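Note sheet for the following structure.
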Amino acid sequence: MTTVICPYCFARSSAAKLPYRCLMSPTGVRGGTPCGPERDDVWAGFMGPGVPPGARMRGPVFIPDRRARWRFGAGSSVPCPGCGVGTTTRVCGTCHSDLPSDYCDQDSRIIALVGAKASGKSTYAAVLVNELNHRVGQAYHASLAAMGQSTQQRDREMAEDLYERLRLPDATRPAALGFNDPLLYRLSVPRRGRFGSGTRHTALVFFDAAGEDLAGAEAMDRYTRYLSAADGIVLLVDPLQLGSVRDRLPVHDGPPLPVVETPPQQIAADLARRLRAHGKGGSRGRVSTPIAVAVTKTDMLKPLLDPHSPLLRNAAHPDGKFDEDDRLAAHEEVRALMAEWDSGALVRQLELDFAELSLFGLSALGAPPPADSPADAPKSGPQPIRVEDPLLWLLARRGVLPVRTTGKGRGE
Ligand SMILES: Nc1nc2c(ncn2[C@@H]2O[C@H](COP(=O)(O)OP(=O)(O)OP(=O)(O)O)[C@@H](O)[C@H]2O)c(=O)[nH]1
Ligand SMILES: [Zn+2]
Ligand SMILES: [Zn+2]
C-alpha cells in the first residue's frame with residue numbers, strides 16, 4: 001500500500017483513499033450537463049483569508065465508490081458521479097489541495113531545509129537540483145523530475161538565472177520557497193533485489209523555512225508540523241555568521257561579509273525543542289529525526305583548510321553507491337573545524353539534542369561571488385562541491401540508495 005503525505009498540510013493517507021476533483025470539462029459529458037464550480041470551503045479554509053471569493057469556486061471534489069476504485073485502478077481516470085467525465089486529479093482529503101498527477105504513485109519522503117536568512121538555501125536548492133540531474137544522477141543512474149507546474153516553472157527560472165544569466169537568487173523576493181509552494185520531485189533510482197531489478201520511485205518534498213520569519217501562531221504551528229512530518233532535516237549553517245570564522249579569514253577580495261542573522265545554535269535548539277514537543281524525542285531525550293548539518297560557502301574557508309582536506313573535492317560515489325567512509329572523513333573534518341570556531345559549542349549542543357547527526361561542508365558556487373557584483377555567480381558559473389552529500393546521506397539512511405562501507409568507520 002502506498003502511503004501519501006500531503007506536501008501542503010502533511011496529512012497522511014493511503015493513496016487508494018484520496019478523493020478526486022472533477023475538471024468540469026464540457027467534452028465527453030454523458031447525458032446531463034457539465035459540472036459547474038462549487039465553493040471549496042475546505043481548501044479556502046486551509047489557504048487562509050488571502051484567497052479571493054472567486055478563486056474559492058472550484059471543480060467538485062468526490063470520493064469514488066469502492067466499485068469504481070476497483071474497476072479503474074490506481075493512476076487511471078475515474079468518472080465524476082456528477083457529469084460522467086473522467087478525471088485523474090487527486091486531492092488531499094484533509095486540505096483539498098490538488099496533488100501533482102504522479103505524486104500519488106510512490107511513497108513520499110519529506111526533507112526539511114532549514115537555515116538562517118542568507119545562509120544559502122535558495123542557491124543550494126537550485127544547484128542541488130542541477131547536480132542531481134547531471135553528475136550525481138549519472139553516478140547513481142538516477143533521475144530527478146520536477147512534479148507539478150509550479151516546481152517545473154521555478155526550476156526553469158532558477159536554472160536560467162543561475163546557469164545562463166549567472167545571477168544569484170534574488171534576496172529581495174519574499175520567503176523564497178513558501179509553505180504553499182513546496183518543491184516537489186520524483187527521484188527514480190534503479191533497484192537491484194533478489195527478485196530481479198526495477199526502478200524505485202520516491203517523491204521528495206523540500207521546504208525552505210527559517211522559522212524566524214514566520215509571524216503568527218498559525219504559521220508557527222504549520223512549520224512545526226512540517227518539521228515533524230520530515231524524514232530528514234538539512235540544516236544549513238553559514239560559517240561567515242560565526243564571529244571567530246570572520247576574524248580568522250584573511251582580508252579577501254570577495255564581496256563584503258553578510259550581516260549577522262540568527263545564530264545557528266539558536267536555530268538548532270529551537271528545532272530540537274519543537275520536534276520534542278511533537279513526540280520526536282527518542283532515547284535519552286534526543287530527537288530521533290536524522291539531521292544533516294551542513295556548513296555552506298566552504299569556498300570562503302579555503303585559507304583555513306589543509307590542501308588535502310576532503311572538503312575541497314566532491315565525493316566519488318563509486319559504483320553508484322554512497323561512500324560511508326568518505327562521509328565520515330568529511331564529518332570529522334567539519335567537526336574539527338567547528339571545534340576551533342566556537343570551542344565546539346554548536347557540535348556539542350547538536351550531539352546532545354539529536355540522536356542521528358552527521359556534519360557536512362559544501363559550497364554551492366565553488367567560489368565567492370565576484371567582489372564588484374555580489375549578486376552574480378562566479379564568472380565560470382557554479383562549480384559546486386559536495387552539495388549532494390547531505391541529501392544522499394538522508395536517503396541512504398532510509399534505504400533509498402545503496403551504501404558502500406569498508407567497516408572502518410563502524411562504532412562512530
Ligand atoms: N561564497 C559563497 N557565497 C554563497 C554561496 N551560496 C550563496 N552565497 C551567498 O549567500 C547569499 C545568500 O544566498 P541565498 O541562497 O539567497 O540564501 P537564502 O538562505 O536562500 O536566503 P533567504 O532566502 O534570504 O533566507 C548569496 O547572495 C551569496 O552572496 C556559496 O556557495 N559560496
Ligand atoms: Zn493536505
Ligand atoms: Zn463532474
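Everything numeric here is computed off the predicted structure, so don't read it as measured data. Only heavy atoms go into these numbers, but all of them, side chains included; no hydrogens, no water, no symmetry mates. In listed order, ligands and their atoms are each counted from 1.
Side-chain N or O atoms of Asp319 include none that pairs as donor or acceptor with a backbone N or O of Lys321 at under 3.5 Å. Between the side chain of His201 and the backbone N or O of Ser188 there is no donor-acceptor pair closer than 3.5 Å. A donor-acceptor contact shorter than 3.5 Å is absent between the side chain of Gln106 and the backbone of Ala203. The main-chain N or O of Ser343 is found under 3.5 Å from a side-chain atom of Arg348 such that the two form a donor-acceptor pair. In this structure, the side chain of Arg200 does not engage the main chain of Val400 through any donor-acceptor pair within 3.5 Å. Under a 3.5 Å cut-off, the side chain of Asp270 and the backbone N or O of Gln266 do not form any donor-acceptor pair. With Arg56 contributing its side chain and Ala44 its backbone, the two residues share no donor-acceptor pair below 3.5 Å.
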Next item on the list: List the steps and the verdict of side chain to side chain donor-acceptor pair (under 3.5 Å) for Thr224 and Arg274.
Entry: CA-CA 6 Å; Thr224 309; Arg274 282 173 197 285; 3.0 Å; yes
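Residue Lys121 touches ligand 1 through backbone and side chain together, judged by heavy-atom distances below 4.0 Å. Contacts between Pro369 and ligand 1 below 4.0 angstrom, taking non-hydrogen atoms only, involve the side chain exclusively. By the criterion of a heavy-atom distance under 4.0 Å, the side chain of Asp299, and not its backbone, is placed next to ligand 1.
The shortest N or O to N or O distance between Ala367 and ligand 1 is not under 3.5 Å. Checked by distance only, ligand 1 and Gly120 come closer than 3.5 Å through their nitrogen or oxygen atoms. Taking only nitrogen or oxygen atoms, main chain and side chain alike, Lys297 reaches within less than 3.5 Å of ligand 1.
For ligand 1, the atoms closer than 4.0 angstrom to any heavy atom of Ser122 are 15 (O), 18 (P), 20 (O), 23 (O). Residue contact check: Leu168 has heavy atoms under 4.0 Å from atoms 26 (C), 27 (O), 28 (C), 29 (O) of ligand 1. Counting the atoms of ligand 1 from 1 in the order shown, those under 4.0 Å from a heavy atom of Ala364 are 31 (O). The ligand atoms of ligand 1 that sit less than 4.0 angstrom from a heavy atom of Met300 are 1 (N). Less than 4.0 angstrom separates some heavy atom of Pro368 from each of these atoms of ligand 1: 1 (N).
Using a 4.0 Å cutoff on heavy atoms, Gly115 does not count as a contact of ligand 1.
When all heavy atoms of Pro369 and Leu168 are compared, the closest pair comes out as CG-CD1, 4.0 Å. Of all non-hydrogen atoms in Leu337 and Leu305, the two that sit nearest each other are CD1-CD2, 3.6 Å.
With respect to Ser363, the side-chain hydrogen bond (donor to acceptor under 3.5 Å, both in side chains) criterion is satisfied by exactly one of Thr296, Thr123, Asp299: Asp299. When each of Thr298, Asn314, Asp326 is paired with Arg386, the side-chain hydrogen bond (donor to acceptor under 3.5 Å, both in side chains) condition holds for Asp326 and for no other.
Arg90 forms a cation-pi arrangement with Tyr20, by the criterion of a distance under 6.0 Å to the ring centre and an angle within 45° of the ring axis.
For the Zn ion (ligand 2), protein N, O or S atoms closer than 2.8 Å were enumerated as Cys6 SG, Cys9 SG, Cys92 SG, Cys95 SG, with waters left out.
Checking Arg21 against Thr89 by side-chain atom types alone, no donor-acceptor pair falls below 3.5 Å.
Aromatic ring centres of His96 and Phe46: separated by at least 6.0 Å.
Around the Zn ion (ligand 3), protein N, O or S atoms at less than 2.8 Å number 4.
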